[in-house]
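Have a look at the structure below before the remarks.
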Amino acid sequence: MKYDFGAIEANWQHRWEAERTFGALNPGDDKFDPAQPKFYILDMFPYPSGVGLHVGHPIGYIATDIVARYKRMQGFNVLHPMGYDAFGLPAEQFAVEHGVHPRITTEQNIANMTRQLKQLGLSYDWDRCFATTDPDYYRWTQWIFLQLYHSWFDGAEQRARPISELEQMLAAGNMFVGIGGDLVPAAVKGFEPLGGEPIGTRKWHELSSEQRGAVLEDHRLAYMAEVDVNWCPALGTVLANEEVINDGRSERGNYPVYKRPLRQWMLRITAYAERLLDDLSLVDWPEPIKLMQRNWIGRSEGAMVDFTITSASADGASRGLGGSCRDDEPGDIVTVFTTRPDTLFGATYMVLAPEHPLVDQVTIDTQRDAVGQYCRDAARRSEIDRAAEAKTKTGVFTGAYAVNPVNGESIPVWIADYVMMSYGTGAIMAVPAHDHRDHDFARTFDLPIIQVVEPSAAGDCDIRNGAYEGDGVNVRSANAEVSLDGLAAPEAKRVITEWLAGKALGRGQVQYKLRDWLFSRQRYWGEPFPVLHGPDGVAIGVDESELPVELPEMDDFKPTASDDPDALPQPPLARAPDQWRRVDRDGVTFARELNTMPQWAGSCWYYLRYLDAHNADRFVGKEAEAYWMSSRKKDGKPHAGGVDLYVGGAEHAVLHLLYARFWHKVLYDLGHVSTPEPFGRLFNQGYIQAYAYTDDRGVYVPAEQIEEKGGRFFHQGRPVRQEKLGKMGKSLKNAVAPDEICKHFGCDSLRLYEMYLGPLDQDKAWSTKDVVGQHRFLNRLWRNFVDVETGKLLVSDDPPGDDLRKKLHRTIKRVTDDVERLSFNTAIAALIEFNNELVALDRLPRQVAEAVVLLLSPMAPHIAEELWQRLGHDRSLAYEPWPGYDQDLLVEGQVEYPVQVNGKLRGKILVAADADDEAISQAALGDPKVASALAGKSIHRVIVVKDRLVNFVVR
RNA sequence: GGCCCCGUGGCGGAAUUGGCAGACGCAGCGGACUUAAAAUCCGCUGGCCCGCAAGGGCCGUCCGGGUUCGAAUCCCGGCGGGGCCACCA
């Protein structure tokens, strides 16, 4: 009886589904065993794409499936779910292309992908499956949005709190509202911000209701604000910073993106910058991903420094040390952020970003036309153009001067697009001697360059050839009150920052690159905001009882795309029926928010919904959440808890993974989840790549139709060129569907092949012809168990011989260790090697046969289940205990030692395992080859490394 | 330009801690079975050299240096490939 993988795989997939073999039990369920440890293993869920899966997709799914099956056999209560991230641009674009409603195409795509996933024998608990587009799901996405909307971030306590508590504190007089809307705790008596002037704090009862609303709005974690957003006309929507790549193109589609001031929904992720940074120390993630998040958050320490602006006609230098003169004629103050306050004495000019709010105010009349022209040009260009022109510095003089507060020097104020409004204060002090960008600019416009740092290492540093940005000690850095001369940078920074703070001219400042998250999209296929706008323009959250706010049915759901940068975003929901858009509340007509949430909203919390996927009363039940998310580590160290193993591609390093951490922390602060981090351990699998082929016009031809002859490649008889390896997909025409492979070789072979390709975290090249190797292995294994002629089981009840038993136990150890460290390629190699040992046997001892089947089962579950059944078991092996090994059997009676002479291998000896060093070296000396290599030489030193080798050092 | 990762046979890779380089698989070659092919099975397979053979020698983990009794592994300097960021003050 041959190995009929087709019938076997279909049969077992059917049985698993019928018997609900992989259903996970929650606390409170029948037969739930609280003594079992839990293991939550999660894949990044896919978009239900129209073309379905190619063989590159499931590499991570197969890996997690192996771990899930292995953990079940280890006695864990395993949660291994799957779902679909179905809102968003790809689904909508697919629907638009096919002229079918996205709900329909999404459903079809989900059905097809589910079929494909099931065909791979993945042990998901399908009962917990959902799509982010299900109203039962996005109801809770909207609910979480409302939690954000109804919360504020308490900076003093570094946590989110209900906005009602802020209102109470303000009303009770425990908190004052500062001039800029900053909250000032009443406890800080005599609080004085910059400038040393008494702050105009107002009490809550002194504010009008509109002002109160505005103050609250200013502190909500979800808020509307007019900000410079990334507007992508070609996609017809605005985008988050994280969705804009190369500083000026959309991540999706690679279209140009323009900065436009627009009123949009924002999420206050910046409030969490410090915690998002700090808590990376709690999680077990790949270092490169942590680094990318750190870089994205972009913490830097420096100082804010105030410069007073004077007009060109005023004699700036006569004003003396800054600050003291402000009382009589308070000129405009421009605050700059710098990470190099130690170089303040070398600041020879100042630059404002073209978008800086004070540009108009500081510009003198004779420069107004030039400045206006320059700013308009800068605004018209997309950021990518600005980046492309980065080589040459451009700028325009405002005619104004600023007073350098440390030395009273009057320095010119320029406008230049190399300063970004989006970072720091949008204004810089320029130190051309010690910053290469400032240096370039100063050269271009012939501005003075003053060196204030002397390189500590004696060497010729000519500041006229370029900026010196390295270490050194300060020179020419003293005024009547403070001197930095002779100090190294860290000390100089500290001294000058203290001096500035003492004079109320500046203060130390921690700055982040992270921006608030732009959360509106002008799309149809997304979660509607649970928000209503009143006739007075004030937004209110809808009542929780009214959730979900369902998407209206619409025939025309297309986004309004344009190639005109000046076009304005048009949400498709503006075309929704009146009865959806208008809502009556107590006789007042409210309008629904017409934007929708971005793609990322649904994936920010899906891992929580799996825990309790059918809960109609809460986004997740408290008990289920506490059980599945709890930390397994009991070593007393702080640990993130959360998902025990999260596997997915590295492309989500700063998008999904940062957003989800942010939402999770808000939910944590509000008491809705029990762990500070969502994903305790993260693993990035590599991509499967494949060769692509181009014809003589450079057009890609389908890789599956390529024939190879003598190292050359042909498509329909014509020679084609093999391109570099690339990610599988439509554009390179190099995708291979798993369906084909399953049909030819079976999915067990496919699973083994994908895992055998190499280390899980590396990119690997697909080669269809190589799959046969794993297929041969399974055939060989089958023949070791089953007589192909008669179908009889080739198993005996005799115990295995000592030698075989040792080999078995060594194999158990190898496979166990390898699976533990996700090294599936070597685990499979160990099984192949052991199986090759079995070929020589007429009959397999039952003990050996059962152990081999169990060891193989996580990787090739179908053939394993079939053999397990033939070995006489009626139940699935999914919950059979994982084979253990006997330490004693791993120890050999005799150990083989390689013997080296001066590090070169000269012979091998067999020595009793308990032999001492002396006996080992004597045995080595007794080896004829070693003896001849040593002949005539004097032994200088003998190195014996236990269980490793012997090395004679001779002269 | 900055930061990070990686370079091992014809190919994918193994070598978990500085200790026998090339496990395992693909491809290739030779053989068995077959009318034949596929499938399957057995053997060989890093390079160069000596030998009829058994066997033996030298070289070898991108290149050049270094540390060490000993380096694919650690350090320094190149070269090549990949990733992330990119006027972030």
Side-chain angles (χ1 to χ4, degrees), chain A residues 2 245-247 286-289 291-292 294-296 298-300 302 336-341 343 347 351 353 383 386-387 389-391 393 416-420 422-431 434-438 440-441 511-515 650-651 653-654 711 724-725 752-753 756-759 761-767 769-777 779-780 783 788 814 817-818 820-821 823 825-833 836 839 896-908 929 940-954:
Chain A
K2 272 177 53 200
I245 54 169
N246 299 330
D247 221 11
E287 274 311 315
I289 300 292
L291 190 65
M292 283 163 72
R294 285 194 194 103
N295 289 342
W296 189 260
R299 183 184 199 273
S300 52
V336 304
F337 173 70
T338 177
T339 54
R340 295 294 305 273
T343 63
V351 186
E383 295 246 334
R386 277 165 73 161
E389 294 158 10
K391 297 276 178 279
K393 292 277 186 289
D417 67 2
Y418 84 94
V419 173
M420 304 291 146
S422 53
Y423 184 72
T425 62
I428 63 158
M429 65 175 210
V431 184
H434 305 293
D435 181 287
H436 66 277
R437 298 151 304 184
D438 297 345
D440 292 349
F441 191 84
Q511 194 67 35
Y512 298 95
K513 279 195 251 179
L514 186 68
R515 301 269 73 90
E651 73 269 22
V654 287
K724 281 201 294 188
L725 282 171
L752 287 174
Y753 173 70
Y756 193 66
L757 230 28
D761 56 355
Q762 279 175 28
D763 291 349
K764 286 149 289 205
W766 176 267
S767 169
K769 65 177 167 46
D770 291 1
V771 182
V772 72
Q774 297 307 314
H775 187 62
R776 283 181 194 144
F777 161 52
N779 262 303
R780 214 152 46 227
R783 286 199 310 275
V788 180
R814 277 176 73 184
D817 292 352
D818 287 350
E820 280 288 344
R821 65 191 174 101
S823 177
N825 54 334
T826 52
I828 294 166
L831 285 168
I832 293 174
E833 282 178 60
N836 288 343
V839 171
E896 191 188 62
Y897 281 82
V899 183
Q900 298 180 336
V901 175
N902 279 353
K904 281 193 193 300
L905 184 68
R906 293 301 171 190
K908 290 179 185 181
K929 285 179 202 163
H940 184 57
R941 209 174 140 189
V942 182
I943 289 151
V944 177
V945 184
K946 189 76 180 150
D947 292 332
R948 289 291 180 186
L949 56 37
V950 181
N951 190 12
F952 293 104
V953 185
V954 300

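Just so it is clear, the model here is predicted, and its values are computed rather than measured. Chain identifiers are assigned alphabetically (A, B, ...) following the order of the sequence lines, protein sequences preceding nucleic acid strands; residue numbering begins at 1 within each chain.
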[M] and [N], which share atom name [atom1], separated by this distance in whole Å:
| N | M | atom1 | result |
| --- | --- | --- | --- |
| B/C5 | B/G9 | P | 22 Å |
| B/G55 | B/G19 | P | 30 Å |
| B/G22 | B/A14 | C1' | 7 Å |
| B/G2 | B/G60 | P | 34 Å |
| B/A72 | B/C20 | P | 9 Å |
| B/A36 | B/A54 | C1' | 39 Å |
| B/C24 | B/G13 | C1' | 8 Å |
| B/U40 | B/C33 | C1' | 9 Å |

| request: Can you check each nucleotide of nucleotides 55-60 of chain B against protein heavy atoms at under 4.0 Å and return B for base, S for sugar-phosphate only, - for none, in 5' to 3' order? | output: -S-SS-
| message | Can you build the contact string for nucleotides 8-20 of chain B? Use B for base contact, S for sugar-phosphate-only contact, and - for no protein heavy atom under 4.0 Å. | response | ----BSSSB--BB
Nearest-Å distance, [atom1] ([X]) to [atom2] ([N])?
| X | N | atom1 | atom2 | result |
| --- | --- | --- | --- | --- |
| A/K393 | B/A89 | NZ | P | 14 Å |
| A/R780 | B/A39 | CZ | P | 14 Å |
| A/N295 | B/A86 | CG | P | 9 Å |
| A/L752 | B/C24 | CG | P | 17 Å |
| A/L291 | B/C85 | CG | P | 11 Å |
| A/K513 | B/A86 | NZ | P | 7 Å |
| A/F777 | B/G25 | CZ | P | 10 Å |
| A/W296 | B/C85 | CH2 | C1' | 9 Å |

| message | The criterion is side chain to side chain contact (heavy atoms under 4.5 Å, CB included); which residues satisfy it with A/N295, sequence neighbours excluded? | response |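 Applying side chain to side chain contact (heavy atoms under 4.5 Å, CB included) to A/N295 gives A/L291.
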| Is the phosphate of B/G70, meaning OP1 or OP2, less than 4.0 Å from a side-chain N or O of A/R941? | no
What are the two closest heavy atoms between [X] and [Y], and how far apart are they?
| X | Y | result |
| --- | --- | --- |
| A/A765 | A/Y753 | O-OH, 4.1 Å |
| A/D438 | A/M429 | OD2-O, 3.9 Å |
| A/D818 | A/A827 | OD2-N, 3.2 Å |
| A/K764 | A/P759 | NZ-O, 2.8 Å |
| A/F337 | A/Y423 | CE2-OH, 3.8 Å |

| said: Please pick, from B/A89, B/C84, B/A23, the nucleotide with the shortest atom-to-atom distance to any side-chain atom of A/A829. | reply: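 So the nucleotide nearest the side chain must be B/A23.
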| Which label fits B/G9, syn or anti, where anti is any glycosidic angle not within 90° of 0? | syn
Searching all strands shown, indicate the nucleotide that pairs with [N] (Watson-Crick or G-U wobble; both distances under 3.5 Å).
| N | result |
| --- | --- |
| B/C20 | none |
| B/C85 | B/G1 |
| B/U40 | B/A32 |
| B/G70 | none |
| B/C58 | B/G47 |

| said: With side chain to side chain contact (heavy atoms under 4.5 Å, CB included) as the test, pick out the partner of A/Q900 among A/V953, A/L949, A/I943. | reply: A/L949
| So which one's nearest nucleotide on RNA chain B is more toward 5', A/R340 or A/N779? |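 The residue whose closest nucleotide sits nearer the 5' end is A/N779.
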| task | Please tell me which of A/R783 and A/H436 maps to the more 5' nucleotide of RNA chain B, matching each residue to the nucleotide holding its nearest heavy atom. | result |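 Final value for this comparison: A/R783.
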| query | A/D435 side chain to A/A430 main-chain N or O, any donor-acceptor pair under 3.5 Å? | reply |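 Not confirmed, A/D435 side chain does not pair with A/A430 backbone.
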| field | A/Y897 side chain vs A/D947 backbone, donor-acceptor pair below 3.5 Å | value |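 Confirmed, A/Y897 side chain pairs with A/D947 backbone.
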| Checking A/K393 against A/Y418: charged group under 6.0 Å from the ring centre and within 45 degrees of the axis? | yes
| Residues A/R814 and A/D817 bridged, charged N to O under 4.0 Å | no
| task | Scan A/N836 against the nucleic acid and name what it touches under 4.0 Å (heavy atoms): base, sugar-phosphate only, or nothing. | result |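 Sugar-phosphate only.
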